[in-house]
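Report on the following structure.
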Amino acid sequence: QVQLVESGGGLVQAGGSLRLSCAASGSDYAFSIMRWYRQAPGKQRELVAFITLGGTTYYRDYVKGRFTISRDNAKNTVSLQMNSLQPEDTAVYYCNAEGTTGSHWGQGTQVFVSS
């Protein structure tokens, strides 16, 4: 059974930083793509960033230059370094991993940015 567990969320003041991590277990193969989504109260879940097995990255415009996604294929982990956080970044952040077994989701980790 594939499991994804996010960690690193919490409360931070505007301008601060957090590093989110997602640890995957139960997969025999590396995931072709790993993504971070977020969902704010009353909003739809939206893609924040993704990284492919080969290291290609994508960022939504509103996080470009502030967030950095990375992965360790050997450890099956993906991280999201979030700098210059703003109240608008407040959301539950979800890790998603897609591979031969399908698409898998973590339970989410709460990020709250105070003004």
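Note that the coordinates shown come from a computational prediction; the quantities given were computed from them, not determined experimentally.
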For the CG atom of Leu80 and the CE atom of Met34, what is their distance to the nearest 0.5 Å?
12.0 Å
Of all the heavy-atom pairs spanning Ala24 and Leu4, show the shortest one and how long it is.
CB-CD2, 3.2 Å
Ignoring hydrogens and angles, tell me if any N or O in the side chain of Ser103 forms a donor-acceptor pair with the backbone of Glu98 under 3.5 Å.
no
Are Arg38 and Val111 close enough that some pair of their side-chain heavy atoms sits under 4.5 Å apart?
no
Distance (rounded to the nearest 0.5 Å) between Asn83 CG and Ser17 OG
3.5 Å
Out of curiosity, Ile51 CD1 to Asn73 CG, how far, rounded to the nearest 0.5 Å?
7.5 Å
Mind checking whether Trp36 and Met82 have side chains closer than 4.5 Å, heavy atoms only?
no
Mind listing the closest non-hydrogen atom pair of Thr90 and Ala40 along with its distance?
O-CB, 3.6 Å
Would you call Ser79 and Arg19 a side-chain contact if the rule is heavy atoms closer than 4.5 Å?
yes
Over all atoms of both residues, closest heavy-atom pair of Leu18 and Gly8
CD2-O, 3.7 Å
Is any side-chain heavy atom of Tyr62 closer than 4.5 Å to a side-chain heavy atom of Glu88?
no
Atom pair CG/CZ of Leu20 and Phe67 - distance to nearest 0.5 Å:
8.0 Å
Within a strict 4.5 Å, meaning less than it, do heavy atoms of the Val92 and Tyr37 side chains meet?
no
With a 3.5 Å distance limit and no angle check, can you tell me whether Asn76 reaches the backbone of Ala23 through a side-chain donor-acceptor pair?
no
Inter-residue atom distance Asn96.CG - Ile33.CD1, 0.5 Å rounding
8.0 Å
Closest non-hydrogen atom pair between Leu53 and Ala30, with its separation:
CD1-CB, 3.6 Å
Within the distance-only criterion (no hydrogens, no angle test), does the side chain of Gln110 pair as donor or acceptor with the backbone N or O of Ala91 below 3.5 angstrom?
yes
Within the 4.5 Å heavy-atom criterion, are Cys95 and Trp105 side-chain neighbours or not?
no
Heavy-atom side-chain contact between Leu47 and Arg35 under 4.5 Å
yes
Check side-chain hydrogen bond (donor to acceptor under 3.5 Å, both in side chains) between Arg60 and all other residues, then give those that pass, not counting sequence neighbours.
none
Can you measure from OG (Ser21) to CZ (Arg71) and round to the nearest 0.5 angstrom?
14.0 Å
Could you report the tightest heavy-atom contact between Phe31 and Gly99, atom names first, then the distance?
CD2-N, 4.0 Å
Please check this pair: side chain of Gln86 against backbone of Ala14, looking for a donor-acceptor N/O pair closer than 3.5 Å.
no
Does Glu6 reach the side chain of Tyr93, with side-chain heavy atoms less than 4.5 Å apart?
no
If you look at every heavy atom in Tyr94 and Gly106, which pair is closest and at what distance?
CD2-O, 3.7 Å
Taking the ring centre of each residue, are Phe50 and Tyr58 less than 6.0 Å apart?
yes
Any salt bridge (Lys or Arg N to Asp or Glu O under 4.0 Å) pairs touching residues 102-115, not counting sequence neighbours?
none
